[in-house]
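Numbered from 1 within each chain, the chains take letters A, B, ... in sequence-line order.
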Amino acid sequence: MASLRDIKGRITSTKKTKQITKAMQMVSASKLNRAEQNAKSFVPYSDKIQEVVASIAQGGGDASHPMLENREVKRTGYLVITSDRGLAGAFNSSILRKVYQQIHQHHTSADEYTLITMGRIGRDFFRKRNMPVDKDITGISDQPDFADIKDIASETIQLFTDGEIDQLYIYYNHYVSAITQEVTERKVLPLTDFNEKGKAATSSYEYEPNQEEILKVLLPQYAESLIYGALLDSKASEHAARMTAMKSATDNADELIGDLTLSYNRARQAAITQEITEIVGGAAALE
Amino acid sequence: MSTLTVSVVTPDGPVLEDAFEMVSCKAESGELGILPGHIPMVAPLTISAVRLKGSGKSDRIAVSGGFLEVRPDKVTILAQSAEKPSDIDVDRARMAKERAEKRLRDKQTDIDFKRAEMALKRALNRLDVYENKF
C-alpha cells in the first residue's frame, strides 16, 4: 500500500491540475460566447451576399465567370481549419483524420492536391507526413477580424483563378451546439450549389455596368466570405470542444480526488490502529 | 417625404441601419445618386465615401470596395470594411498611408505596387471621411 505521504502528494497535484482545467473551462466558456456572437453578426452579410450571387447566377443566362464553371480536375485544393493549440478533445484529430482519408481515397500522388492550413496543429500534421502545404496561417486570434484572414483567403482564391487548382474544398468543424460539433466538408470553388434561400428571394436586377463586371467583383468577395464564415464557425466549435474537454477533465479530477481521499483515510486509520495495537501490546508485555 | 432604409453590412457585423432620403456613392462606372423608388439594381463600389442624406441629418461612411444592392425601398451596401467617421482609427490610417507611400517610392515588384496603391487609397479615403472633406 502506498504511504500516507505519497497519497497526500498525489491529492495535492490532482487538485492543482483540477484548478487549471477548471480555469481553462471557464475561459473557453466566455470565449465561446464571444465566438457565437461573432458568428451571429456575420450572418446578415453572408445571407445578403448569397442572395445577390444566387440571383445573378440563376437569373441571367449570359452571365459567365470562371468561378462558376466546372472544369477538368487536375489538382484539388484542400483548405483545412484547425486550432493552434490542443487540449480540445477530438476537435483537431477528427478533422485531420477525415482529410487524411479523403486524400488517400482520391489521390495517388502528391501532385494531384495541395493543402492550405489555418492553425498550427493542421500544418504540423501534414508537414510531418510530407504532404504539400502550399499556404498556412497560424496565430489567428480568438476573435478574428475579416482583415486577419483576407490575405490568405484571397491568395487561396487566386490559386483557383490562376489554374493552379481546379476545385477547392474546405474542411472545418461546424458548430451545432456546445456539446456537438461536426466535421463538415464544403465545396467552395467552383461555385455551383446555391442554397434554396437564394432562390426564393430572386428578383430581377439592373446591373451597372453589366453582369460580368459585377461577377468579377462579387464572386471573389463571396468565396472569401465563405472561407471567413467557416473560420468563425470553426472558432466557435473550437471553444466549445475545449470547454467540454476541460469540463470532463475537471470531473475526472474530482473523481480521482475522491478515490484518493478514501484510500488516504483508510491508510491513516490503518496506521492509527497499528499504533494502538503496538502500544497495547507493549503495555501487556510489561505486566 | 418618402425614405429609403439603408443598411451597411460587413463581415464583422452590421455598421448602420437607418432611414434616409438619398444615397450618393461612387460606383465603378461613376457617381450614383439613389432616391426612393429606384428600380432594383446592383453595382460595384470603388474605395470611396458613401454619403447619406435624411431629414435634418446626414452621414458619411468610408467603404473599401464592395457593392451596392438597390430595391425600391431599401439600399444594402455589402463591403469588406465600412466605417463611420467616429469609428475610424485615424492613427492607424495615417500610419497605413505613410507605409504605403514609402512602398510606392521604393518601387518593388508589380504586385507590391498594386497592393500599396490600394492600401494608400483606403487610407486616404478613411482620412478624407474623417476630416469631412466631402
Side-chain angles (χ1 to χ4, degrees), chain A residues 34 37-57 59-60 63 143-151 153-155 158 201-232, chain B residues 5-17 23 25-34 37-47 63-83 87 89 92-93 96 111-112 114-115 118-119 122-123 126:
Chain A
R34 292 278 303 276
Q37 272 171 24
N38 286 349
K40 240 177 240 159
S41 60
F42 173 70
V43 169
Y45 179 83
S46 73
D47 278 357
K48 200 74 207 172
I49 199 164
Q50 190 161 35
E51 187 187 316
V52 178
V53 170
S55 78
I56 295 178
Q143 264 77 47
D145 281 340
F146 185 67
D148 293 344
I149 60 122
K150 183 163 189 321
D151 283 348
S154 49
E155 280 168 22
Q158 193 66 35
T202 303
S203 52
S204 53
Y205 291 108
E206 284 284 304
Y207 303 101
E208 180 65 41
N210 57 43
Q211 289 196 348
E212 242 137 90
E213 288 300 312
I214 289 180
L215 287 179
K216 228 185 260 172
V217 179
L218 191 56
L219 290 182
Q221 204 177 329
Y222 177 60
E224 280 169 25
S225 85
L226 286 180
I227 294 176
Y228 182 63
L231 177 70
L232 288 180
Chain B
T5 313
V6 180
S7 54
V8 180
V9 201
T10 68
D12 297 323
V15 175
L16 169 142
E17 175 140 20
V23 180
C25 56
K26 207 169 172 191
E28 293 207 331
S29 49
E31 287 268 352
L32 275 176
I34 289 142
H38 200 285
I39 51 165
M41 182 186 76
V42 179
L45 296 173
T46 56
I47 297 168
V63 294
S64 310
F67 63 96
L68 169 94
E69 188 220 11
V70 183
R71 302 243 177 124
D73 56 346
K74 195 167 175 11
V75 172
T76 312
I77 293 165
L78 290 165
Q80 299 194 329
S81 81
E83 285 137 350
D87 295 336
D89 187 341
R92 204 182 129 194
I111 306 157
D112 273 4
K114 210 163 186 184
R115 275 175 72 167
M118 296 296 276
R122 283 197 294 269
R126 284 200 174 104

Verify whether one side chain among A:Asp148 and A:Tyr228 offers a donor that lies under 3.5 Å from an acceptor in the other.
-> no

Which one, B:Ser7, B:Ala27, B:Gly30, B:Gly66, leads in non-hydrogen pairs under 4.5 Å with chain A?
-> B:Gly66

Looking at OG of B:Ser81 and CG of B:Asp87, how far apart are the two atoms once the value is rounded to the nearest 0.5 Å?
-> 11.5 Å

Portion of A:Asp145 that has a non-hydrogen atom of chain B nearer than 4.5 angstrom | both

Contact class of A:Lys150 relative to chain B, heavy atoms under 4.5 angstrom | side chain

A:Glu224 portion near chain B, given a 4.5 angstrom heavy-atom threshold = side chain

Applying a strict 4.5 Å limit to non-hydrogen atoms, the region of B:Thr76 in contact with chain A is side chain

Flag, side chain of B:Thr46 to backbone of B:Lys26, donor-acceptor distance under 3.5 Å | yes

Which atoms of B:Leu78 come close to chain A, meaning under 4.5 Å heavy atom to heavy atom: side chain ones, backbone ones, both, or neither?
-> both

With rounding to the nearest 0.5 Å, note down the distance linking OG1 in B:Thr10 to CG in B:Leu16.
-> 11.5 Å

Which of the residues A:Leu218, A:Val43, A:Asn38, A:Leu232 is involved in the greatest number of heavy-atom pairs with chain B at under 4.5 angstrom?
-> A:Leu218

Hey, is B:Glu83 close enough to B:Arg92 for a salt bridge, meaning N to O under 4.0 Å?
-> no

Rounded to the nearest 0.5 angstrom, the CZ-OG distance for A:Phe146 and A:Ser225 is 7.0 Å

